[in-house]
There are 2 protein chains.
Amino acid sequence: MPLTEAGIHAAALRLIDAEGVEALTMRRLATALDANPMSLYHHLPNKEALLRGVARMVGAQFRTVTLEDAPWQERIRLLATDFRTLAHRHPNLMAYSFSQPDFIQPEDPFWAALTRTLDAAGVPHSEVRQVAALMCAVVIGVLIAELNGALHQWSNLEPTAPAAGEEGPPNTGPEEEDRMFRLVLDTIITGLDSRLTDGDRQGAGRGVAAEAGPRSGEPVFVPRQQSVSGSRWPGPAPSCRLCAEST
Amino acid sequence: MPLTEAGIHAAALRLIDAEGVEALTMRRLATALDANPMSLYHHLPNKEALLRGVARMVGAQFRTVTLEDAPWQERIRLLATDFRTLAHRHPNLMAYSFSQPDFIQPEDPFWAALTRTLDAAGVPHSEVRQVAALMCAVVIGVLIAELNGALHQWSNLEPTAPAAGEEGPPNTGPEEEDRMFRLVLDTIITGLDSRLTDGDRQGAGRGVAAEAGPRSGEPVFVPRQQSVSGSRWPGPAPSCRLCAEST
DNA sequence: ACCTGAACACCGTTCAAGT
DNA sequence: ACCTGAACACCGTTCAAGT
């Protein structure tokens with residue numbers, strides 16, 4: 001155990017899995033490795049690099065088999081559930097890592113498989129990356145909500161009416177989240193499917209502000225269109241009453 | 001300025017907006033308020049409560065007007081873009097706050113409006129909360145990816161092939177994210193629409209492992225079905241080679 | 001009741017010094 | 001080249017003491 005970078009990463013991951021990201025400390029990590037805290041700095045520039053390294057090490061773990069012959073819907077489902085399995089394997093790390101921008105890399109087999117699948121589905125080449133990015137964002141959003149308990153908690157919130165007792169038992173339990181995950185996935189796939197196959201049903205609101213559906217075969221995904229919301233970014237807008245200086 | 005709890009929250013939000021969550025420190029907050037660091041503890045139990053308080057204060061800021069007469073698709077779009085506007089107003093806080101489970105409360109007008117809208121759309125009463133939770137998770141996922149730059153970065157990743165120059169300029173720029181946000185929203189709404197109206201096209205993979213589409217009018221959203229993925233949670237699975245103790 | 005100073009147990013990181 | 005001890009500048013929080 002001559003204190004290699006990979007060994008430090010592995011030990012850090014073990015510590016994170018066991019006690020959470022906030023428990024990862026250069027000093028604690030060093031004692032876990034039977035080393036002097038300062039020795040770590042000969043293999044890592046700083047703690048931020050350590051965390052990034054651990055995240056990328058795990059992110060590169062994605063499945064590489066792709067079921068090249070299956071329908072694209074099934075391949076998407078496979079990739080997403082794989083992603084979810086990984087998130088469940090290292091929940092503490094992933095809950096943190098999802099907030100970092102660079103834990104999915106172009107070299108990761110996951111990204112290659114995802115873009116290849118969308119390409120096979122018929123998404124225009126110029127838009128594959130954007131659709132892939134959005135798919136990642138959506139799945140990550142659901143996984144974050146699942147890992148931190150928000151999905152479970154929100155599902156048990158009262159609806160607008162006080163629920164006069166005819167509601168049945170509140171849908172709780174762990175396997176409920178399996179169903180919810182599949183539901184989002186199916187809904188997204190259905191929506192993609194609609195946009196890809198028939199241009200008529202497309203628009204997500206036929207009869208609502210009817211924006212004549214684009215002909216099939218052309219960029220249906222990113223219709224260049226004017227922004228509706230006015231607020232620009234970055235920098236907090238000055239119009240928020242919470243920000244008003246009161247002292 | 002007798003150092004009220006609301007005043008402390010507002011000052012904390014200002015500090016977060018200006019310099020990020022990691023810059024929020026009890027000591028720095030105190031000096032920003034011209035107070036002794038220890039005085040804060042007479043109004044707050046600890047730093048965690050401070051952050052939770054700030055997050056909930058901002059989360060309660062959601063729009064309360066609902067356009068009760070507009071079609072549900074339009075109302076969903078309005079709620080989502082409102083959410084996004086708020087995220088852009090306090091990007092530093094929101095990037096952190098989205099990872100917390102309790103920044104959306106049942107009392108928030110946002111939650112009430114969302115569930116009411118889904119109810120109006122025809123989602124079965126017993127499943128409104130779950131669908132609402134998933135909608136929140138999806139939107140939050142995209143917003144996180146937008147705020148931390150992942151959406152932009154992923155969109156510019158090379159697809160599987162090295163792109164032989166016929167690709168056109170990489171779609172970057174700020175208004176690109178407007179389009180992408182609308183794309184997810186429309187895709188989700190299309191998917192929801194499909195599930196709500198015609199039960200035949202439903203299933204997101206007709207011809208794929210054909211799971212006989214449920215009749216319309218009944219719980220199409222959460223079809224009680226066996227889980228497909230085997231991995232259970234929580235606790236890291238032992239089969240990960242990254243976790244293998246090497247020392 | 002509200003505030004305060006000193007102190008405690010922790011951090012990440014620098015640096016000069018050891019082998 | 002790799003490791004180390006002491007030190008620095010910060011944390012969050014406790015507590016006894018002030019008004």
Min side-chain heavy-atom separation [X]-[Y] under 4.5 Å:
{"X": "B:Thr4", "Y": "B:His9", "answer": "no"}
{"X": "B:Leu33", "Y": "B:Leu40", "answer": "yes"}
{"X": "A:Ile76", "Y": "A:Ile188", "answer": "no"}
{"X": "B:Leu143", "Y": "B:Met94", "answer": "no"}

Measure [atom1]/[X] against [atom2]/[N] and give the value in whole Å, please.
{"X": "B:Leu24", "N": "D:dC11", "atom1": "CG", "atom2": "P", "result": "10 Å"}
{"X": "B:Met26", "N": "C:dG5", "atom1": "CE", "atom2": "P", "result": "17 Å"}
{"X": "A:Glu22", "N": "C:dC10", "atom1": "CD", "atom2": "P", "result": "16 Å"}
{"X": "A:Glu5", "N": "D:dC2", "atom1": "CD", "atom2": "P", "result": "12 Å"}
{"X": "B:Ile8", "N": "C:dC3", "atom1": "CD1", "atom2": "C1'", "result": "12 Å"}
{"X": "B:Leu29", "N": "D:dG12", "atom1": "CG", "atom2": "C1'", "result": "13 Å"}
{"X": "A:Arg28", "N": "C:dC11", "atom1": "CZ", "atom2": "C1'", "result": "13 Å"}
{"X": "B:Asn36", "N": "D:dA17", "atom1": "CG", "atom2": "P", "result": "18 Å"}

Considering only side-chain heavy atoms of [X], which listed nucleotide, [options], is closest?
{"X": "A:Ser39", "options": "C:dT14, D:dC3, C:dC11", "value": "D:dC3"}
{"X": "A:Met38", "options": "C:dT14, C:dG12, C:dA6", "value": "C:dT14"}
{"X": "B:Arg27", "options": "D:dG5, D:dG12, C:dA6", "value": "D:dG12"}

For residues [X] and [Y], report the shortest heavy-atom separation together with the two atoms involved.
{"X": "A:Arg89", "Y": "A:Asp17", "answer": "O-OD1, 4.2 Å"}
{"X": "B:Ala137", "Y": "A:Val142", "answer": "CB-CA, 3.9 Å"}
{"X": "A:Leu3", "Y": "A:His43", "answer": "O-NE2, 2.8 Å"}
{"X": "B:Ala12", "Y": "B:Leu50", "answer": "CB-CD1, 4.0 Å"}

Residues of residues 40-56 of chain B with any non-hydrogen atom less than 4.0 angstrom from an atom of DNA chain C: list those, numerically ordered, please.
B:His42, B:His43
Watson-Crick or G-U stems involving DNA chain C, each at least 3 pairs long, distances under 3.5 Å, ordered by first number
C:4-8 with D:12-16, C:12-16 with D:4-8
Taking the six-membered ring for Trp and the single ring otherwise, decide whether the centroids of B:Phe98 and B:Phe83 are under 6.0 Å apart.
yes
